[in-house]
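FYI, side chains are in, hydrogens and waters are out, and symmetry mates aren't considered; it's all heavy atoms of this structure. All residue numbers refer to positions in the sequence shown, counting from 1.
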Amino acid sequence: MVVERTFSIIKPDAVERNKIGEITAMLESSGLRIVASKRIKLDQDKAAAFYKVHADKPFFQSLCDFMCSGPIIVQVLEGENAIQKNREIMGATNPDEAAEGTIRKQFAISLEKNSIHGSDSPENAIIEINHFFNEKDIIS
């Protein structure tokens with residue numbers, strides 16, 4: 001098995017409802033270790049830079065507004081096949097399609113307010129981690 005890192009955001013909807021601990025417990029019980037974590041509040045520029053891949057989509061501004069609406073928890077997760085494992089525990093982007101026992105099935109309010117974000121590839125994990133953390137912030 002390959003030990004890798006991935007990036008995760010506990011989104012404003014989950015932070016506002018005080019679900020940080022429950023979501024973190026689900027991540028950790030799936031075998032992922034949190035090697036960096038911080039609570040931040042995004043501004044529009046940081047959100048737009050992070051979500052620039054979606055800049056031409058109709059939901060882009062709404063997504064940025066939502067992600068700036070309250071504090072978030074950004075994390076670096078580490079473990080065997082961390083990207084795949086994180087995506088499995090998160091569940092489908094649309095909570096109506098998410099499997100039972102996943103974070104989105106349990107905590108999401110809607111498609112936009114789906115409680116968690118996770119990297120979808122090794123390349124994006126590196127980009128996303130570097131958007132919020134320096135290597136000295138990450139302690140394995």
* To do: Start with the C-alpha distance between Phe60 and His54, add both sets of side-chain angles, then the distance that settles ring-ring contact (aromatic ring centres under 6.0 Å, His included), and finish with yes or no.
  => CA-CA 6 Å; Phe60 175 72; His54 300 301; 8.0 Å; no

* Asked: Under the side chain to side chain contact (heavy atoms under 4.5 Å, CB included) criterion, do Ile34 and Ser37 qualify, and how do the steps go?
  -> CA-CA 7 Å; Ile34 298 167; Ser37 181; 3.8 Å; yes

* Could you walk me through whether Met90 and Lys105 pass side chain to side chain contact (heavy atoms under 4.5 Å, CB included), step by step? => CA-CA 8 Å; Met90 286 190 321; Lys105 188 66 166 185; over 6 Å; no

* To do: Step by step, work out the side chain to side chain contact (heavy atoms under 4.5 Å, CB included) result for Ser8 and Ile116.
  => CA-CA 7 Å; Ser8 176; Ile116 194 163; 3.7 Å; yes

* Asked: Is there a side chain to side chain contact (heavy atoms under 4.5 Å, CB included) between Thr102 and Met26 once you walk through the steps?
  -> CA-CA 8 Å; Thr102 62; Met26 291 176 75; 5.8 Å; no

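Without hydrogens or angle criteria, Glu4 side chain to Ile83 main chain gives a donor-acceptor distance under 3.5 Å. Formation of a donor-acceptor pair under 3.5 Å by the Arg39 side chain with backbone atoms of Ile73 is not found in this model. When atom types are taken as modelled, the side chain of Lys38 and the backbone of Gln75 share no donor-acceptor pair closer than 3.5 angstrom. Put simply, the side chain of Asp43 gets close to the backbone of Lys46: a donor and an acceptor are under 3.5 Å apart. Of the possible polar contacts, one joining the Asn114 side chain to the Thr93 backbone as a donor-acceptor pair under 3.5 Å is found. In this structure, Asn134 contributes its side chain and Lys136 its backbone to no donor-acceptor pair below 3.5 Å. Judged by distance alone, the side chain of Ser30 and the main-chain N or O of Leu27 form a donor-acceptor pair under 3.5 Å. Checking side-chain atoms of Thr24 against main-chain N and O of Gly21 turns up no donor-acceptor pair under 3.5 Å.
Taking 4.0 Å as the cut-off between side-chain N and carboxylate O, Glu22 and Lys19 count as a salt-bridged pair.
No side-chain N or O of Thr6 forms a donor-acceptor pair with one of Arg87 less than 3.5 Å apart. Judged by distance alone, the side chains of Glu135 and Asn130 never bring a donor and an acceptor atom under 3.5 Å apart. Side-chain polar atoms of Ser115 and Asp13 form a donor-acceptor pair below 3.5 angstrom.
Looking at heavy atoms from C-beta onward, Val35 lies out of side-chain contact with Ile139 at the 4.5 angstrom threshold. Inter-residue side-chain proximity for Ser140 and Glu78 is flagged as met; some heavy-atom pair is nearer than 4.5 Å.
To the nearest 0.5 Å, atom CG of residue Leu77 and atom CZ of residue Arg33 are 11.0 Å apart. The line from NE2 of His117 to CG of Leu63 is 9.5 Å long, rounded to the nearest 0.5 Å. Separating the CZ atom in Phe50 from the CG atom in Asp45 is a distance of 15.5 Å, to the nearest 0.5 Å. In this structure, CD1 on Ile10 lies 14.5 Å from CD on Glu16, to the nearest 0.5 angstrom. Here the CG atom belonging to Asn86 is positioned 10.5 Å from the CZ atom belonging to Phe7, to the nearest 0.5 angstrom. Glu128 contributes atom CD, which lies 15.0 Å from atom CZ of Arg5 (distance to the nearest 0.5 angstrom).
The nearest pair of heavy atoms linking Ala92 to Arg104 is O-CD, 3.0 Å. Counting all heavy atoms, side chain and backbone alike, Gln44 lies closest to Cys64 at OE1-CB, 3.7 Å. Contact detail for Ser119 and Ala125: the closest heavy-atom pair is OG-CA, 3.3 Å. The nearest pair of heavy atoms linking Ser69 to Pro12 is OG-CB, 3.6 Å.
A cation-pi arrangement, defined by a distance under 6.0 Å to the six-membered ring centre and an angle within 45 degrees of its axis, is absent between Lys11 and Phe107.
The hydrophobic cluster containing Ile109 does not contain Leu111, counting ILVMFWY residues as joined when their side-chain heavy atoms lie under 4.5 angstrom apart, directly or transitively. Side-chain heavy atoms closer than 4.5 Å link hydrophobic residues (I, L, V, M, F, W, Y) into clusters, and following such links, possibly through other members, connects Ile103 to Ile20. Phe59 and Leu42 fall within the same hydrophobic cluster, defined by Ile, Leu, Val, Met, Phe, Trp and Tyr side-chain heavy atoms under 4.5 Å apart, directly or through other members. Under the 4.5 Å side-chain heavy-atom criterion for Ile, Leu, Val, Met, Phe, Trp and Tyr, Val76 and Ile126 are members of distinct hydrophobic clusters. Cluster annotation: Ile89 and Ile23 are assigned to the same hydrophobic cluster (Ile/Leu/Val/Met/Phe/Trp/Tyr, side-chain heavy-atom contacts under 4.5 Å, transitive).
For His131 and Tyr51, the gap between ring centers reaches or exceeds 6.0 Å.
Qualifying salt bridge (charged side-chain N to carboxylate O under 4.0 Å, His left out) partners for Glu123, counting only residues two or more places apart in sequence or in other chains: none.
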